[in-house]
There are 2 protein chains.
Amino acid sequence: MERKCDPVFARVDRLISLLNRSKLLHIMMVLNNHAAPMRFTEIKKRVDSSSTTVNRRLIELEQNGLVIRNVVNDAPPMVQYTLTQDASSLAPTIQSMYDWIVEKDIHLQ
Amino acid sequence: MERKCDPVFARVDRLISLLNRSKLLHIMMVLNNHAAPMRFTEIKKRVDSSSTTVNRRLIELEQNGLVIRNVVNDAPPMVQYTLTQDASSLAPTIQSMYDWIVEKDIHLQ
DNA sequence: CCGAATCCTTTTTGATACTG
DNA sequence: CAGTATCAAAAAGGATTCGG
């Protein structure tokens with residue numbers, strides 16, 4: 001019934017580890033709540049962070065297939081970011097955390 | 001419609017941050033898949049970690065109302081740990097991450 | 001058995017300055 | 001505008017040792 005060590009659990013760990021990076025969840029939510037693709041500076045303003053941090057997160061998201069980076073123009077630079085469908089389909093999971101916290105009135109330290 | 005900054009999101013962040021602590025999710029799953037309360041050393045063996053790490057996680061879990069610590073005996077020491085109902089009710093959320101990873105065949109770095 | 005204390009390493013972060 | 005480079009500080013981890 002229960003396996004001694006399910007290899008998928010390691011992947012759940014990596015998912016949580018990724019989500020835990022600073023501003024990453026915030027970036028995903030901003031992109032998710034936005035109909036159109038968003039530009040770098042637009043995202044940066046929304047999450048109120050440094051370009052270093054925003055850049056790091058966007059790279060990680062892209063490398064993991066959760067965000068699509070699209071260079072629209074070179075000079076002046078214009079780059080657009082969109083969530084992939086995989087990333088969007090994670091929204092209900094995030095929502096279930098949200099619901100759990102509200103329903104059980106959880107306040108973590 | 002959409003609020004500028006939903007305060008519950010900060011709590012979602014803290015949840016993810018907690019889940020991300022090393023071995024924490026593992027400890028929760030071990031406790032969840034175990035009918036009876038578990039002792040410290042039992043948990044330690046199952047997750048294969050140092051007493052320092054296991055201790056840290058159990059303290060955090062207890063402080064956040066996700067685990068109940070019950071001192072059964074003083075000498076010799078015997079302490080039992082159980083998930084709270086709140087913690088157990090988080091299982092479907094973890095499961096939905098699991099399902100997402102499997103269904104979308106996600107392999108994060 | 002169940003931890004606490006110590007100490008050192010690794011990881012992550014974020015500020016600042018700079019570039020095409 | 002969209003990043004990169006650098007670097008210092010903070011956070012987290014883990015091994016070891018000790019104690020009631």
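So you know, we letter chains A, B, ... as the sequences are listed, proteins then strands, and number each from 1.
- A:T84 pairs by the side-chain hydrogen bond (donor to acceptor under 3.5 Å, both in side chains) definition with nothing, not counting sequence neighbours.
- Within the structure, a side-chain polar atom (N or O) of B:Y81 is placed less than 4.0 Å from OP1 or OP2 of C:dG3.
- Among the protein residues, B:I59 comes within range of the sugar-phosphate backbone only, with heavy atoms under 4.0 Å from sugar or phosphate atoms but none that close to a base.
- Residues B:K44 and B:S50 approach most closely at CE-C, 4.1 Å, considering heavy atoms.
- Below the 3.5 angstrom threshold, one finds no donor paired with an acceptor across the side chain of A:R56 and the base of D:dG3.
- Counting any heavy atom pair closer than 4.0 Å across all strands shown, A:T41 reaches sugar-phosphate atoms only and no base atom.
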- Task: Any chance you could lay out the side chain to side chain donor-acceptor pair (under 3.5 Å) test for A:H107 and A:D105, step after step, and finish with the verdict?
- Result: CA-CA 7 Å; A:H107 289 271; A:D105 194 33; 3.2 Å; yes
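- Residue A:F40 contributes atom CZ, which lies 18 Å from atom P of C:dT19 at whole-angstrom precision.
- Heavy-atom nearest nucleotides on DNA chain C were determined for B:K45 and for A:T53, and the one closer to the 5' end corresponds to B:K45.
- Here A:S51 lies in heavy-atom contact (under 4.0 Å) with a base.
- One cannot find a donor-acceptor pair under 3.5 Å joining the base of C:dT13 and the side-chain atoms of A:S50.
- Counting all heavy atoms, side chain and backbone alike, A:W100 lies closest to B:S89 at NE1-OG, 2.9 Å.
- Heavy-atom distances to DNA chain C give each of A:P77 and A:T52 a nearest nucleotide, and the one nearer the 5′ end belongs to A:T52.
- Computed from coordinates, the B:N20 CG to C:dT12 P distance equals 9 Å when rounded to whole Å.
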